[in-house]
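Every chain is numbered from 1, with letters handed out A, B, ... down the list of sequences.
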Amino acid sequence: MKPLSIPNLLSACKSIRNLEQVHTQIIHKGAEQDHFVITRFISLCTSLFSNISYASSVFDRVLQPNIYLWNTLIKGYCKHSSLAQCISVFLRMKQSGNVVPDEYTFPSLLKACSSELALKEGQAIHGLIVRYGTEHDVFVGSSLVDLYGKCREIEFARKVFDGMCVRNEVSWTSMIVGYVNAGDLIEAKKLFDVMPKRNMNGQPNEAVEIFLKMQSMNIKPDEFIVVSLMSACSQIGSLEQAKWVDSYVSQSSLDLHQVHVLAALIDMNAKCGNMGRATMLFEKMPKRDLVCFCSMIQGLSIHGHGVQAVSLFRRMINEGITPDDVAFTVILNACSHAGLVEEGCRFFDSMINEYSLVPSTYHYACMVDLLGRSGKLRAAYELLKSMLVEPHAGAWGALLGACKLHNDIELGEEIAAQLFEIEPHNACSYVLLSDIYAAADRWLDVSFLRSQMIEMGVKKKPGRSLIYSAKPSVWYPYESVQ
DNA sequence: ATAGGGTTAG
């Protein structure tokens, strides 16, 4: 049996109640200033029990926290609190004067920026990373690649990636995901064109090529990588490529039982048009979860099987799975595409009244689309006006599209006026209204609108400067220099 | 001794 030391007691904690009991022991044994013990305590308190305020109060009693303690606390905040809170803890750390941020400090901060798409804050932190000389760490580099990729600053991501002296699977995944999300697989291909060619038995394409290059560089693809790869395939929608990846994944030693892997595999097959294979994988699952149901329902919807999508949704509920907001987006979308007005309205109603979900702007957009397409323009308009939150521009756009479809000039003008206010630089609404006028032979209105559109439509994106520091591999955006 | 990064459904 293990001795009843405090660290051992900590690792045995199964509930917050246990943790409080060990905390009593810590105070009793006078271990409140023991950095090792308190670090374990805070780590456990935040990661296992998500109790940042408790962790914070214990931290505050430590007189001279060391770097381990600060880093653990910052990670806790980054996981469970807002970016503003994380940065405020980081500033407290810097102002304490006892410790210097190191390569363990920055990854969690960058992750917090990444999840809030806080580019400016991320760039400021990038500046600090360079200042503290931690930019060559693989964790820091990967986090930066992830941050810039997520913020659609793919060139920054790439620059960091190129400057990294060590890269691992995480760095590669972050870079690939960045390119995938930017929809820029062509650029990815260009990068890998400078490396030796490999035979691919048929269809060369970008994501698979990246994948093969990784293998040739002895980077073993893990579950993360193949999920990214399959996500890329889903977006490209190529059946050939999906088949290739499917057979690779199925024959590999990768763990198909990891929930993300199978979910991505089903989603890829469903999106690429291989519903047969998707169905087989789906039905063979020992326990089907919400995500896989959604992938299947969406797959059916994409391929025009709206009625089947609805019945699969009903089966999901019968199997005891509770739909969430995403599931309702999927099914409302399916109803909208298949023109299943009655079913859609019933789902929308049950979403609110049975499942107590608050419809988002996306749900309203689906409903507006559904009602609008079937000619119930006024009902759609009333629904939009009844929204408590500000409607998404997409919802107005969908309704304007419906006005075009049903040649309703009066309502079209009313809605376009709202859209011009929300999105004055989006050409779509001008084009739609102009089409409505054209269909009614109101050419004067058309030409007026077109000239207005040209006037508003051309807007140059602001430029950006970069500066380079003494070391050529080190760079950061100009704004980050303080 | 104790601290850090990447993946799925709209």
Phosphate OP1/OP2 of B/dT7: any A/K150 side-chain N/O under 4.0 Å = yes
Contact under 4.0 Å: A/K111 side-chain N or O vs B/dG4 OP1/OP2 = no
Measure from the side chain of [X], starting at C-beta and using heavy atoms only, and say which of [options] lies closest.
| X | options | result |
| --- | --- | --- |
| A/Y68 | B/dT7, B/dA9, B/dT2 | B/dT2 |
| A/S143 | B/dG5, B/dT2, B/dT8 | B/dG5 |
| A/K75 | B/dA3, B/dT2, B/dA9 | B/dA3 |
| A/V140 | B/dA3, B/dA9, B/dG4 | B/dG4 |
| A/D146 | B/dT8, B/dG6, B/dA3 | B/dG6 |
| A/F36 | B/dT2, B/dT8, B/dG4 | B/dT2 |
| A/D137 | B/dG6, B/dT8, B/dG4 | B/dG4 |
| A/P107 | B/dG5, B/dT8, B/dA3 | B/dG5 |
| A/F139 | B/dG5, B/dA9, B/dA3 | B/dG5 |
| A/V138 | B/dG6, B/dT7, B/dG5 | B/dG5 |

Can you check the [X] [atom1] to [N] [atom2] distance for me, whole Å?
| X | N | atom1 | atom2 | result |
| --- | --- | --- | --- | --- |
| A/L110 | B/dG6 | CG | C1' | 13 Å |
| A/M230 | B/dT8 | CE | P | 11 Å |
| A/Q258 | B/dG6 | CD | C1' | 13 Å |
| A/L281 | B/dT8 | CG | C1' | 14 Å |
| A/N66 | B/dT2 | CG | P | 13 Å |
| A/I129 | B/dG5 | CD1 | P | 13 Å |
| A/H35 | B/dA1 | NE2 | C1' | 14 Å |
| A/L265 | B/dT7 | CG | P | 19 Å |

Are [X] and [Y] close enough that their ring centers fall under 6.0 Å?
| X | Y | result |
| --- | --- | --- |
| A/F41 | A/H23 | yes |
| A/F313 | A/F328 | yes |
| A/F348 | A/Y364 | yes |
| A/Y104 | A/Y68 | no |
| A/F59 | A/W70 | yes |

request  = Look at A/E155 together with A/K159 and state whether they make a salt bridge at an N to O cut-off of under 4.0 Å.
outcome  = no
task = Would you classify A/V330 as touching base, sugar-phosphate or nothing, given that sugar-phosphate means primed atoms plus P, OP1 and OP2, and contacts are heavy atoms under 4.0 Å?
result = sugar-phosphate
query = Under 4.0 angstrom, heavy atoms only, what part of the nucleic acid is A/E103 near: base, sugar-phosphate, or nothing?
reply = base
key: hbond_proxy A/S174 side chain to B/dG6 base (donor-acceptor, 3.5 Å cutoff)   = no
request  = Tell me whether A/Y104 is stacked on the nucleobase of B/dA3, counting only the six-membered base ring and applying the 5.5 Å and 30° thresholds.
outcome  = yes
